[in-house]
Every structure is written in structure tokens, then in C-alpha cells.
Amino acid sequence: MYYPSFDSASAKLHERALKYLPGGNTRTTVYMKPYPIYAVKGAGCRVWDADGDVRIDCINNFTSHIHGYANPIINAVVKKQLENGTAFGLPTASEIDLAELLCSRVESIDRVRFTNSGTEAVMMAIKAARAFTGRAKIAKVEGAYHGSYDYAEVSLDPRPKEWGEDDTPSSVPYAKGTPGSVLTDVITIPFNDPESAVRLLRLHAGELAAVLIDPIPNRAGLIPASQQFINSLVDTVKEIGALLIFDEVISFRLCYRGAQSIWDVKPDLTAFGKIIGGGFPIGAVGGREDVMAVFDPTNGKPALPHGGTFSANPISMTAGLAAMQLLDQKSFDHLDEMGSKLRAAINKILTARKLAGKAVGMGSLIKVHLTSSDVTDYRSAFQDTETARRLSVFVHGLINRGVLVANNGLIALSTPMNNEDIDLITQAVEGAVDDVLVSMDTIE
Ligand SMILES: Cc1ncc(COP(=O)(O)O)c(C=O)c1O
């Protein structure tokens, strides 16, 4: 159960990977020091590693696996589709089925377009807003992650030295080589600060195609947007003739009709991904009929042509449909109940052990912050070296006790989990918090 040793199968696989993949890695997010733990099998809410150790998985492929692993119903439809082909240069009925489900569940959506990832969904939503409005700029929240499209990445992880004033955040490149023009075309707004956001949006009125917003941005702290913040964005986009894009790539796992129903908003466009693929690669952009008409090829070249060799492939479509059909109101109630229980248990442990920190989030999403500051946004969630060290000890402490959570403290629950699993996770949290306290004593 302990972190794989230097002569483990995981260590050996990493050594082999180093020869062929940069840093032995394909996804920066899954890299872990000294080497990642290699997975070989998943079933329900558990994952087996290359050394045969089994852990409860609270990463769930970074929230995409809401039904855990190897769900028999999803597997059955995928196996059937495999027998009939995986992708064609022709459309299939499966894309209509999944589009119909999304349109019937999410009130703001009249039409849907499928992509292969959340990154592509956000990119196509931004491009659709540009095609519809004839404007180039977008606005996004500081610290919010929306995938790896250049424009969506701006100010994802600015350092204090570069992030500018609290009420007027600078637009900071995430990746080296980001063109300067990208930074000019992205207006960074502070989270949950309606007054500053409205002022900045008005400053660029006439140039802004859209405001891109995740109502509970994970990388910016997993703090829910205030109703006032969302309302002010809704009102201001209307005032300046821009569109509102909701990024529900993660937040769609919060509610049967999407997170937008919690905030009672009807965005012009919504980006989806992760859970709607039932464990397979997917993304989707959906929205108002007149806006989505930019994709329509029936009258010649559309305003926004869009293809994708594997877009709407029937494996992702059928798996996604089965996963979403399984995700009924009862599933959400179950996830909400487990999420509330675990969040409360973690906070109780932190308080009892007097370790500065807090578990935040909503529904099946929990994020553990081990900082003494009151986390309200990206800046207050920003980790200094000591906070980052404590979180790393905490995450490794959980791994050593049979629980996988994301490096950044994100926990995503899945429907196969039950109260016993939540109790096991809670016990592991107790031990991991003790590890952090011991590590602090050792340092002092
Ligand atoms: C809010 C949000 N938007 C977009 C994306 C990008 O999705 P993908 O990784 O499928 O490209 C992610 C991925 O984690 C995300 O969390």
C-alpha cells in the first residue's frame, strides 16, 4: 500500500518511459515525484497499481469517471459498438441520442456540437462567440482552468510578482511562447468581485465576444461563484452585446440539469466534457439556436466550419449516453450526501488536530486547502512553499493509506462509493493529517 519503492514496477516503468516520453510523461497533471504510480486496472471506485496494490480512487481521471471503473452497463454498450465499428466518415444515430439527452436536461441548450475534449469544447465555444459577434476579445477569471487553448490559458497560474492589482489583474502568459496578441485579446477579471469585473468588462465593451466562466473554478480554489457575481456577468454581457459561456466541463457533475440550474442562469453557450463521455474522450459545446447556427453547413460554408476525425465517434457517444442515463437524480442525491459527509469529516479532523486548513467545494467535489488564509479566490488559495510542502505530505500520506487524491488536493467522488468507503477515506485523512503535523515538528 505504501508509495511504490525505488525497485517497484512503477519505478521501473517510469525509467522505461523516460527513454521515449519527455520526462516519461504525457500529461503534466499526472506527473508525481519521484515517479508516478502506474495503473493497471480499475473496478468500481478502486484502482490497482502495477505492483498489485489497490486504493480507493478519488481522482477519477480528474473528475471524468463519475461511475468509477468498468461499469457493467457502460461496458456492455461499448462492447456492442466495438463489434460494429468505432468511427466512420458518416454520422451515426448515437450522436443524435446524446445531443437529445443534453438538450432535454439543460434548459439553455437548443443545439449541440461534439468535440474530443473539454479543451476543444471551450475553444469552439470561444470561436463560436467570435463568429457570432464579430469581436475578438474574451474575458476570463484569474486562476481559472479551461483547457489548453492559448486564449483560455491566460492567467492560469500567475505569480504574485506578475499578477497586478487585486481589482485589475494582469493578463499573464501560462506557457512560454504565448503570442503577445493573445494576452491583448484576453481580459482577466477577479473572481467574486462583481464591481471590478463589471468595470473591466465595460472598459472593453464593443470588443468583447464573450465572458468565459466556470461557476466553481477548481484551480482557482474550488470556491463557488456568488450569485451576485454571476448575476452581474449576466447583466453586463447583455448590456455590452457579448455572450456568456459557461464552462461545465467539471461542474456538470454537480447537478442533473447542470451547475447553471443551481445559479439559475441560461448562458448563451456551454462547454461540456469529462462525465458526458462515460469514460471515453469527449467534449461538447451547446447553446442557443441562433448562436449555434454559426456551425450550420446547410446553406454553404458556415461562419465557423468545424470537423474532427473522431468527433462524435460512436464509442464515446454510446458510452456517454449510458453514463448519463445512469446518472439520475438518485445518483446526484447519493453523491451530494457522500460529499457533505466527507467535507464535514475532513474539516472536523483539521479543527480537532489544530492543523490550519479547510475542505471546500460542492456536491461530489472537494478540495483540501492547507493554508491559514481564508480561501476566497485564486490569490488567497495561492500556495507558498510551506503550504505546498504540507499538501504534498498530505497527498502522499493518503496514498500510503490506500486513497488516491489529485496532487492539488482535489477529491472527486463516484457513484459506486458507499458510506464504508467514505469512512475509509476519513480514516486515511486522519493519518495523513498526523503525517503533516509530524513533518512540521520535524522541520521546527
Ligand atoms: C473546467 C475545465 N475546462 C476545460 C477542461 C479541459 O478539458 P480536457 O482535459 O478534456 O481537454 C478542464 C480539464 O480539466 C476543466 O477542468
Side-chain angles (χ1 to χ4, degrees), residues 25-31 58-66 113-129 138-157 174-175 186 191 210-225 230 244-255 258-260 262-263 267 269-287 308 310-313 315-317 319-320 323 361-367 377-378 381 405-412:
N25 182 257
T26 287
R27 300 161 76 189
T28 312
T29 38
V30 306
Y31 179 69
C58 298
I59 304 177
N60 279 303
N61 193 32
F62 293 90
T63 78
S64 72
H65 283 41
I66 201 154
R113 192 91 185 181
F114 289 105
T115 64
N116 297 295
S117 67
T119 291
E120 270 182 79
V122 170
M123 176 177 78
M124 294 317 298
I126 292 172
K127 290 175 73 165
I138 62 153
K140 71 163 295 251
V141 162
E142 185 177 53
Y145 181 62
H146 299 283
S148 42
Y149 183 38
D150 280 352
Y151 298 87
E153 272 184 346
V154 171
S155 284
L156 170 55
D157 70 345
Y174 175 59
V186 178
F191 186 57
V211 175
L212 172 64
I213 178 85
D214 176 342
I216 176 162
N218 160 39
R219 300 267 194 108
L222 203 72
I223 304 296
I230 296 289
L244 185 68
I245 304 173
F246 249 49
D247 180 345
E248 292 229 28
V249 171
I250 287 189
S251 68
F252 200 45
R253 64 156 41 235
L254 289 182
C255 188
Q260 52 198 262
I262 301 174
W263 278 267
L269 291 167
T270 302
F272 300 94
K274 305 220 191 226
I275 65 164
I276 67 161
F280 289 84
I282 201 162
V285 52
F310 289 100
S311 292
N313 76 78
I315 297 286
S316 298
M317 297 296 112
M362 284 173 81
S364 60
L365 294 169
I366 300 172
K367 190 157 201 184
D377 58 8
Y378 172 75
V405 305
N407 281 334
N408 60 14
L410 180 69
I411 292 172

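Along the sequence shown, the residues carry numbers beginning at 1. Read the numbers this way: they start at 1 and go in the same order the structure lists the ligands and their atoms.
Between the side chain of E248 and the main chain of A259, a donor-acceptor pair closer than 3.5 Å is present. Without hydrogens or angle criteria, N60 side chain to F62 main chain gives no donor-acceptor distance under 3.5 Å. The backbone N or O of N313 sits nowhere less than 3.5 Å from a side-chain atom of N116 that would complete a donor-acceptor pair. Remark: side-chain polar atoms of E142 are not paired, donor with acceptor, to backbone N or O of Y378 under 3.5 angstrom. Judged by distance alone, with hydrogens and angles left aside, the side-chain atoms of K140 form no donor-acceptor pair with the main-chain N or O of V186 at under 3.5 Å. Side chain of S316 to main chain of F280: no donor-acceptor pair is present (N/O by atom type, distance under 3.5 Å, no hydrogens or angles). The main-chain N or O of H146 is never found under 3.5 Å from a side-chain atom of D247 such that the two would form a donor-acceptor pair. A side-chain donor-acceptor contact under 3.5 Å links R253 to the backbone of T63.
Ranking the protein heavy atoms by distance from atom 14 (O) of ligand 1 puts K274 NZ, 2.8 Å first. Counting protein heavy atoms only, atom 6 (C) of ligand 1 is closest to T119 N, 3.4 Å. Annotation: atom 4 (C) of ligand 1 to nearest protein heavy atom, H146 C, 3.4 Å. Taking atom 3 (N) of ligand 1 as the reference point, the nearest protein heavy-atom neighbour is D247 OD2, 2.7 Å. Among protein heavy atoms, atom 8 (P) of ligand 1 sits closest to G118 N, 3.4 Å.
Contact atoms of ligand 1 toward S117: 10 (O), 11 (O) (distance under 4.0 Å to a heavy atom of the residue). The ligand atoms of ligand 1 that sit less than 4.0 angstrom from a heavy atom of I250 are 16 (O). Below 4.0 Å from some heavy atom of D214 lie the following atoms of ligand 1, by number and element: 1 (C).
Distances shorter than 4.0 angstrom do not occur between any heavy atom of E248 and any atom of ligand 1.
Of all the heavy atoms of E120, none lies under 4.0 Å from any atom of ligand 1, so neither backbone nor side chain is involved. At a heavy-atom cutoff of 4.0 Å, ligand 1 is contacted by both the backbone and the side chain of Y145.
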